[in-house]
Amino acid sequence: MTELAYLIQTTPMVDTHEHLNNEAVFVSSGPDILNSVFDHYLVSDLVSAGASTDAINALRDQTNPDIQARFEGVRPAWEACVHTGYGEASRWVARELFGIEHITGEALAQAAPRALAQHQPGERLRMLREVARLDHVQVDDFVTSVERDESGPEFFRYDISWMSQSCGDLSFKDIHALTGISVTSIRSLRTAFEIAYAKYAALAVATKTQHAYQRTLQWQKRTDTAAEDVLLRLLRGAPVSPEQRLCLGDWCLEQGVRLSAQHDLPVKIHCGYYAGNAPMPLDYVHASHLSPLIDAYPTCRFVLMHTAYPFGGEVIALAKHYPNVYADLCWAWSIDPRSTGEFVRTFIHTAPANKLFVFGGDSFWPHAACAYAWQARTGLTRVLQAEIADGELNEAAAAALARRFMFENQQAVFRPLS
Ligand SMILES: [Zn+2]
């Protein structure tokens, strides 16, 4: 192993994005062997490869102890996915966490008891800290509220989810429960958002929104009057058109950005490729749609996620152009390991070195997070060694970049929990 490879293998890495199930869920209903090896992203590849809904449902059905039969239904699809990024991660989990060199129904069935034995308190944290060698993880658990996680208060840090607000999809009951405010006007909605940030910002690591799953990332400034018109329709149960909902969503997203800047929280935005299997409206997901919002809030730090796959060049352009834009490779290595490597090489010679975060797993179980962390380290090693081989970097410069991308850049952008 080269010195550089050793450094990348052993440096604790910041994980900027996961959706990890919490400790109680892991202990009570953690994944069996099949759900450990074939995580939800791989399942999407299996569907694309032609696996039937029945076969997928059977694969995921933890109440059925017949591991071999459950695997057999997806085996032809699995054989088509062995070499995808997700497939590579599945093979890593099988090999490194369960000692399975070659994935067969029989080998999986034999390893089944080992998977069940993992569902112990503290095991989730141990895997992430000792196997994935993560410094800490940043979790989007899909809710606006943030609580201290007693299973690892420093290790598990949480985002304020701003997804539904950014879609203009408001639950007035939830807003009241969180803030005590009965929304009756745009002014009271603004007050409710201010109370939510006053309550949760100190416990949170960032604001996170993946509204690109439901609407275009295109954003425009909306007046209080225009947003209030839509809000009042919602309050009286009148129909709201998609365009009207976009208007309210834009207004709410702006409030989240404004309050994040005020509370010193970066705003993470899903850009690019969708998880799952349809729809995939590529015109919704361009990072470049966000530039009016970035222009409007120069004091907010924007973290653009997933290389906006497959439109990585837009993210590099934005990170190069704006002092307040950062590129985050979360989920990118497993979607497309090759182009993510090219993204890093292009980034090094295009945008400032303090603007890139190398890893987030975007997974629900620690097994996948460990595999994706290994992929990120392997990918980073490969691209930096290629840079050295091509005479673009010397060893010391490559090592300095590795430390930045894995740890130092994140430390500079995400403040410690207060
Ligand atoms: Zn995610």
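First listed ligand is number 1; within each ligand, the first listed atom is number 1.
Residues that satisfy the side-chain hydrogen bond (donor to acceptor under 3.5 Å, both in side chains) test with Glu314, not counting sequence neighbours, are His286, Ser288. Partners of Glu243 according to the side-chain contact (heavy atoms from CB on, under 4.5 Å) rule, which considers only residues two or more places apart in sequence or in another chain, are Arg222, Ser241, Leu246.
The side-chain hydrogen bond (donor to acceptor under 3.5 Å, both in side chains) analysis of residues 6-16, with sequence neighbours excluded, yields the pairs Gln9-Arg133, Thr16-Asp328.
Here the NE2-OG distance, from His176 to Ser188, works out to 11.0 Å after rounding to the nearest 0.5 Å.
In this structure, Arg124 is positioned above the aromatic face of Phe156, its NZ or CZ under 6.0 Å from the six-membered ring centre and within 45° of the axis.
Less than 2.8 Å away from the Zn ion (ligand 1), the protein contributes these N/O/S atoms: His17 NE2, His19 NE2, Asp362 OD1.
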With salt bridge (Lys or Arg N to Asp or Glu O under 4.0 Å) as the criterion, how do Arg126 and Glu130 come out once you've worked through the C-alpha distance, each side chain's angles and the decisive distance to 0.1 Å? CA-CA 6 Å; Arg126 188 200 67 81; Glu130 294 178 18; 3.7 Å; yes
